[in-house]
Undergrad: 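Structure incoming, see below.
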Protein chains: 2
Amino acid sequence: MAAQRGEGDGVVTSPEAPADVRERARAIPEAAVARLAVYLRVLSGMVEQGVTTISSEELAGAAGVNSAKLRKDLSYIGSYGTRGVGYDVEVLVSHIERILGLTRKHSVAVVGIGNLGHALANYGGFPSRGFPVAALFDIDPDLTGVPVGGIPVNHIDDITSVCAEREVSIGVIATPPQAAQAVCDRLVSAGVQCILNFAPVVLQVPDYVEVRKVDLAVEMQILSFHVARRADEAAGDVVNGIGVDGVVIRP
Amino acid sequence: MAAQRGEGDGVVTSPEAPADVRERARAIPEAAVARLAVYLRVLSGMVEQGVTTISSEELAGAAGVNSAKLRKDLSYIGSYGTRGVGYDVEVLVSHIERILGLTRKHSVAVVGIGNLGHALANYGGFPSRGFPVAALFDIDPDLTGVPVGGIPVNHIDDITSVCAEREVSIGVIATPPQAAQAVCDRLVSAGVQCILNFAPVVLQVPDYVEVRKVDLAVEMQILSFHVARRADEAAGDVVNGIGVDGVVIRP
DNA sequence: TACCGCTTGTGAACGCTTGCACAAAGTCGG
DNA sequence: CCGACTTTGTGCAAGCGTTCACAAGCGGTA
Ligand SMILES: NC(=O)c1ccc[n+]([C@@H]2O[C@H](COP(=O)([O-])OP(=O)(O)OC[C@H]3O[C@@H](n4cnc5c(N)ncnc54)[C@H](O)[C@@H]3O)[C@@H](O)[C@H]2O)c1
Ligand SMILES: NC(=O)c1ccc[n+]([C@@H]2O[C@H](COP(=O)([O-])OP(=O)(O)OC[C@H]3O[C@@H](n4cnc5c(N)ncnc54)[C@H](O)[C@@H]3O)[C@@H](O)[C@H]2O)c1
């Protein structure tokens, strides 16, 4: 029973630890990993602009974080900056790519080729970043064989063989919520250990499977919470200030 | 200059604080808010199944979290459980909805009606959860006037008037990355204070605007990191492991 | 009414993240 | 070659968020 973000499994810290890149990777906080991916994107843009060197302050600004945090994040992956100068953009890019495992291609399978699945299959941003979409699956027989984004849709029943054959390492679930757990189970038995889930359900997976979820309704509700909080604050301010009248929204 | 998740602004804690729901909302950690949204979804499912009462243990299981965490999260919004029994599902639903501000409708505008924008506009899950899609915008003249998901697309230049007229409170950016900052600026000047951004860029917004980003490439890369870490561990274990036994590779 | 068993709500400890502040380390101009 | 200036890398402290553990409270039962 390890559900989303199941972090707390007691993996033993190996007793003999050569302070090595391998071991270092283990120590990187998940929050830092997410930011590294953002830095990488910003840096890629810099490369295209012909920038060769960048300071922590500049990069932090472009990535929307504190520069101290940025330096700490980079320190997790090693010391590749030059004091007094900054970081060599290309060097940094290659080190982040190495740490994130982007030196290797990760084939992606999308399951559920409906509204969202179509958009994902047609999206050029994945292949270009080292995540080729290698397989598409749906349960609808009318869809099987139809090419979407250049790849023919397979029937969900062929998931095991097709995933194995195409070495799928990441599964994306874009089916209706009712089907998501079943699809997830099939992906897992097909050997997929990383899952990106768009369906609004909490997936149950074995400990060794990594699940990340993208839940738009939750995002919306978080925004809604902030709207409400803000409205309450404004109301509160008015109450503390003058009478009960005001509809003073932001300037 | 406050970028994504700009939390650390020195908002003054109002001097006279009646330990009231309003004030309480301020104290809820963001992480807890996200989980409350998940609990809400699970509970909604429970209501449909006719469940009237649920214990923290059960709900925690269904939501994929620790039961202590769940109770603490619920304690942020007040004490609505019955010791020895559990929580009344409907009561809990209504309290969470109130805290998340879901008693009010939040109109959504989607900008950029391409692959992703179409999927979002056609998605039934938003309206049904209190987030009616009230406006669609694109820069492409061929699209303006064309109805997508029942709503005609407006031209981006009309964003200010249309947003005001339809009381849009949440803006969704689904344009290419190059256009995202400009679109964001226009949404902000149109009075939109909450933005959900799908474009892979770091948006710069004023402090009072709340931005959440959904960055699929980052999600993929986090998964990739775990794949890599796992591979390294396996390699490491074998090297270290021949001597030290602990060869707990994956089952 | 008094007791018992169950579940909540929460104080306190713990651990992870963040942010500060500064020594170390490098560059560059002279 | 030296000294001034810039920027990194990191020890440390503060702040959050998570988890533990248990007293308090409630319903059911005799
Ligand atoms: N469309 C969006 O913008 C959007 C936004 C947020 C969340 N989501 C979520 O993403 C998921 C997909 O949304 P959608 O709008 O694309 O739905 P959709 O109904 O358009 O597409 C679902 C597809 O999944 C297929 N499917 C159903 N059961 C299957 C199974 N067992 N195995 C394989 N394929 C199966 C269907 O044939 C269909 O093609 C849903 O869970 C939805 O809640 C969608
Ligand atoms: N499609 C996906 O599955 C997917 C996945 C992850 C991220 N994204 C991101 O979401 C965004 C949209 O992706 P997409 O595949 O839908 O792209 P798309 O090219 O299909 O659609 C973009 C739309 O935005 C419109 N547009 C361009 N400039 C505009 C402007 N200034 N104002 C208003 N509209 C404008 C275009 O006319 C087009 O209709 C991109 O930033 C992409 O990186 C998409």
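What you see below is based on every heavy atom in this structure, not just the backbone, and it leaves out hydrogens, waters and symmetry mates. So you know, we letter chains A, B, ... as the sequences are listed, proteins then strands, and number each from 1.
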Undergrad: Which letter, B, S or -, goes with each nucleotide of nucleotides 22-30 of chain D from 5' to 3', with contact meaning a protein heavy atom under 4.0 Å?
TA: --BBBS---
Undergrad: Return whichever of A/Lys72 or A/Gly81 has its heavy-atom-nearest nucleotide of DNA chain D closer to the 5' end.
TA: A/Gly81
Undergrad: Tell me: CG of A/Asp88 to P of C/dG26, nearest whole Å?
TA: 16 Å
Undergrad: Mind calculating the distance between CG (A/Leu74) and P (D/dT10) to the nearest angstrom?
TA: 11 Å
Undergrad: Going by atom types alone, do B/Asp73 and B/Tyr39 pair a side-chain donor with an acceptor below 3.5 Å?
TA: yes
Undergrad: Would you kindly give the CG-to-C1' distance between A/Leu92 and D/dG9, to the nearest whole Å?
TA: 14 Å
Undergrad: Would you mind reading off the distance between A/Ile28 atom CD1 and C/dT17 atom C1', rounded to a whole angstrom?
TA: 15 Å
Undergrad: If you check every side-chain atom of B/Tyr76, which of D/dT18, D/dT10, D/dG17 has the closest atom?
TA: D/dT18
Undergrad: Under the salt bridge (charged side-chain N to carboxylate O under 4.0 Å, His left out) test, which residues partner B/Arg71, sequence neighbours left out?
TA: none
Undergrad: Quick one: does A/Thr53's side chain get under 4.5 Å of A/Val89's, heavy atoms only?
TA: no
Undergrad: Between C/dG9 and B/Tyr87, is there an OP1 or OP2 to side-chain N/O distance shorter than 4.0 Å?
TA: yes
Undergrad: Looking at D/dT19, C/dT8, D/dT18, which one has an atom nearest to any side-chain atom of B/Ser55?
TA: C/dT8
Undergrad: So that I can tick it off, tell me whether B/Arg212 and B/Glu30 are bridged by a salt bridge, with the cut-off set at under 4.0 angstrom between side-chain N and carboxylate O.
TA: yes
Undergrad: Strictly below 4.0 Å: does B/Asn66 bring a side-chain N or O up to OP1 or OP2 of D/dC20?
TA: yes
Undergrad: Give the rounded distance in Å between these two atoms: CD of A/Glu57 and C1' of C/dG19.
TA: 13 Å
Undergrad: Please give, in whole Å, the distance from D/dG9 P to A/His95 NE2?
TA: 11 Å
Undergrad: Do B/Val47 and B/Ser44 have side chains that approach each other closer than 4.5 Å (heavy atoms only, starting at C-beta)?
TA: no
Undergrad: Counting only side-chain heavy atoms from C-beta out, which of C/dT10, D/dG9, D/dT18 sits nearest to A/Ser79?
TA: D/dG9
Undergrad: Within the 4.5 Å heavy-atom criterion, are B/His106 and A/Met220 side-chain neighbours or not?
TA: no
Undergrad: Using only side-chain N and O atoms of B/Ser56, determine if any of them is under 4.0 Å from OP1 or OP2 of C/dT7.
TA: no
Undergrad: For the pair made of CG in A/Leu70 and C1' in C/dG19, what is the distance, rounded to whole Å?
TA: 13 Å
Undergrad: Starting at atom NZ of B/Lys69, determine the distance to atom C1' of C/dT10, rounded to an integer number of angstrom.
TA: 17 Å
Undergrad: Just checking, is any N or O donor in the side chain of A/Ser94 or A/Glu97 under 3.5 Å from an acceptor N or O on the other one?
TA: no
